[in-house]
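Note that the numbering runs from 1 along the sequence shown for the chain.
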Amino acid sequence: MALQKIGIDATIFEAHDGSADFIGSFLNTASNGLDALKAIDAHSRVLARGFPTPRMVMWSGSGKRLGEVANGLRLPDGTVSITVERGHLHGALRLEALKRGIRIEQGKRLVSAEPSDGGVTARFADGTEVDGDLLIGADGIHSRTRHLVDPAAPSPRYAGQLSIGGRARGTTLRPTPEVFHMIFGRRAFFGYSVREQGEVYWFANMAWSGEPTRESLGAIAPTEWRRTLMDLVADDAGPARDIIRATTDELAAFPVYDMPVVPQWHRDSMVIIGDAAHATSPSSGQGASMAIEDAIVLAKCLRDCDDIAQALVAYERLRRKRVERVVAYSARVGQSKTLGTVGRRLRDLVMPLALRLFASPNAHAWLYGYHIDWSERVV
Ligand SMILES: Cc1cc2nc3c(=O)[nH]c(=O)nc-3n(C[C@H](O)[C@H](O)[C@H](O)COP(=O)(O)OP(=O)(O)OC[C@H]3O[C@@H](n4cnc5c(N)ncnc54)[C@H](O)[C@@H]3O)c2cc1C
């Protein structure tokens with residue numbers, strides 16, 4: 001959509017051959033990500049599908065309130081960070097793109113690409129190929145494009161944790177408007193928010209040593225995940241057990257990864273954006289917002305620079321420092337979720353003070369206060 005706005009005709013080639021609008025759990029779309037969408041007027045559908053969660057209240061496993069921290073900033077028009085189902089975020093953006101006449105071709109898995117006359121030829125698993133001026137790899141943490149840009153590119157780093165989440169109905173919990181509660185439990189981290197109608201959105205993180213394979217996790221039945229989780233939160237104060245018990249979703253766990261530094265983001269007429277270039281672990285709630293920001297900034301660079309090569313250099317210059325800072329910040333937050341006994345005690349002592357410092361809106365201004373002025377030139 002950002003490319004269209006600057007007069008570039010782009011096609012989206014997506015590996016999935018069906019609609020992905022119902023795939024996945026939910027995520028935080030932070031105020032800075034929503035602000036970036038506003039730059040191309042693509043925010044309304046997304047906002048309509050989510051619910052506001054501008055605050056996080058932290059608890060220890062023993063039930064002590066550790067403090068509160070802002071989840072994002074309030075934008076001048078009142079917009080705040082939202083929680084939105086992943087499929088709804090995807091669906092809202094897909095519908096908006098289609099409404100604007102952007103072509104989306106599904107069942108097109110990129111396998112290789114090479115420079116061609118002044119541009120690039122992309123080849124897909126179905127045997128087809130297409131020529132273009134620029135290939136933008138927005139193909140996620142296990143990006144194929146990353147390896148086409150640099151065959152020596154690093155692989156994702158396993159964070160030693162699993163993430164698991166779901167939705168629960170029929171609990172007696174009171175709604176928690178605008179708030180996500182976060183419990184630093186003894187053996188698991190548990191986050192939840194209760195909607196007006198009583199539906200509970202929740203997720204948990206647990207330590208898991210040794211990088212699991214997709215197959216090894218898939219072999220664990222949903223009932224077993226439920227038992228494991230119930231056991232991990234058994235000694236903690238708070239409603240985690242009731243919420244897990246009231247969850248009807250089939251539970252499945254996913255390993256947490258990030259990509260701290262990807263040395264090469266572009267080569268010839270190929271570039272990577274979003275998770276392909278700098279996946280952050282989920283703890284910052286920023287991965288989707290970073291991907292959105294990348295897309296808008298890249299379009300501005302293509303608009304303002306003399307040629308593609310200069311635009312890709314400008315894009316990296318404008319984005320690398322910020323995204324690597326977010327990835328590092330997220331990794332630190334993630335580590336604080338699954339500490340041993342001593343670390344946990346220390347954290348529960350220090351956190352109330354730290355949170356009082358972080359309660360100021362300025363403490364996270366570097367993260368949430370990032371604003372893309374569409375009309376400002378990058379060079
Ligand atoms: C458990 C968990 C919780 C998270 N929570 C949050 C959160 O609260 N807030 C947040 O902002 N972020 C969160 N994230 C991170 C967020 O999901 C990602 O940062 C974001 O989806 C990245 O967007 P992307 O477009 O770069 O990649 P993706 O969303 O991964 O999209 C990549 C797309 O490329 C397609 N694709 C892949 N390979 C190919 C190929 N070879 N050819 C063609 N198409 C291909 C895929 O099918 C997919 O549609 C979380 C992640 C996880 C795992």
Side-chain angles (χ1 to χ4, degrees), residues 1-24 86-87 89-156 213-218 252 254-255 257 259 262-279 287-288 291-292 294-295 298-299 301-302 307-309 311-312 315-316:
M1 287 186 267
L3 293 175
Q4 186 190 53
K5 202 169 153 72
I6 59 166
I8 292 181
D9 182 26
T11 302
I12 298 169
F13 295 99
E14 164 57 52
H16 259 287
D17 55 5
S19 162
D21 290 1
F22 301 100
I23 291 178
R86 181 180 293 271
L89 173 63
H90 180 267
L93 292 175
R94 190 178 62 82
L95 282 179
E96 188 62 32
L98 287 174
K99 193 191 93 187
R100 297 182 188 193
I102 291 162
R103 287 185 308 280
I104 303 178
E105 292 196 22
Q106 299 197 248
K108 294 284 182 189
R109 179 171 294 280
L110 179 81
V111 287
S112 67
E114 63 208 35
S116 58
D117 253 1
V120 55
T121 300
R123 297 202 167 78
F124 300 97
D126 64 0
T128 56
E129 60 179 54
V130 68
D131 293 323
D133 297 315
L134 175 64
L135 171 65
I136 301 175
D139 47 355
I141 190 163
H142 301 292
S143 169
R144 176 77 191 127
T145 319
R146 183 166 65 235
H147 290 281
L148 296 173
V149 167
D150 176 13
S155 298
T213 61
R214 195 180 283 229
E215 292 72 32
S216 65
L217 290 181
F254 299 92
Y257 289 103
M259 294 286 314
V262 175
Q264 202 175 337
W265 283 9
H266 51 89
R267 178 171 68 81
D268 302 323
S269 294
M270 295 188 277
V271 62
I272 46 177
I273 68 171
D275 272 15
H278 49 71
I292 293 166
D294 278 356
L298 176 59
C301 294
L302 289 164
D307 57 34
I308 287 178
L312 302 187
Y315 154 71
E316 180 169 355

[X] atom [atom1]: more than 12 heavy-atom contacts under 6.0 Å:
X    : atom1 : value
F254 : CZ    : no
D307 : CG    : yes
D133 : CG    : no

Lys/Arg-Asp/Glu bridge criterion (N-O < 4.0 Å) met for D17, R109: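 Salt bridge between D17 and R109, a charged N being under 4.0 Å from a carboxylate O: no.
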
I need the [X] [atom1] to [Y] [atom2] distance, nearest 0.5 Å.
X    : Y    : atom1 : atom2 : result
D139 : H147 : CG    : NE2   : 9.5 Å
L298 : L312 : CG    : CG    : 6.5 Å
I104 : L98  : CD1   : CG    : 4.0 Å
Y315 : D294 : OH    : CG    : 3.5 Å
E114 : E129 : CD    : CD    : 8.0 Å
T11  : E105 : OG1   : CD    : 6.0 Å

Report yes if the side chains of [X] and [Y] come closer than 4.5 Å at any heavy-atom pair, otherwise no.
X    : Y    : result
V271 : E316 : no
I141 : M259 : yes
S116 : S269 : no

Show the nearest heavy-atom pair for residues [X] and [Y], with the distance to one decimal.
X    : Y    : answer
A295 : A2   : O-CB, 4.1 Å
I102 : Q4   : CG1-NE2, 3.8 Å
V111 : R144 : O-NE, 2.6 Å
A299 : I6   : O-CD1, 3.2 Å
R146 : D275 : NH1-O, 3.8 Å
A276 : G137 : CB-O, 3.7 Å

Reference residue S143; test side-chain contact (heavy atoms from CB on, under 4.5 Å); the match among V149, I272, L148: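 Checked V149, I272, L148 against S143; only one passes side-chain contact (heavy atoms from CB on, under 4.5 Å): I272.
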
V120/L134 under side chain to side chain contact (heavy atoms under 4.5 Å, CB included): CA gap, chis, key distance, verdict: CA-CA 6 Å; V120 55; L134 175 64; 5.6 Å; no

Sequence-distant partners of H278, ring-ring contact (aromatic ring centres under 6.0 Å, His included), two or more places apart: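 For H278, the residues satisfying ring-ring contact (aromatic ring centres under 6.0 Å, His included) (neighbours in sequence not counted) are W265.
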
State whether the side chain of [X] and the backbone N or O of [Y] hold a donor-acceptor pair below 3.5 Å, judged by distance alone.
X    : Y    : result
Q106 : E14  : no
R103 : D9   : no
D268 : M270 : no

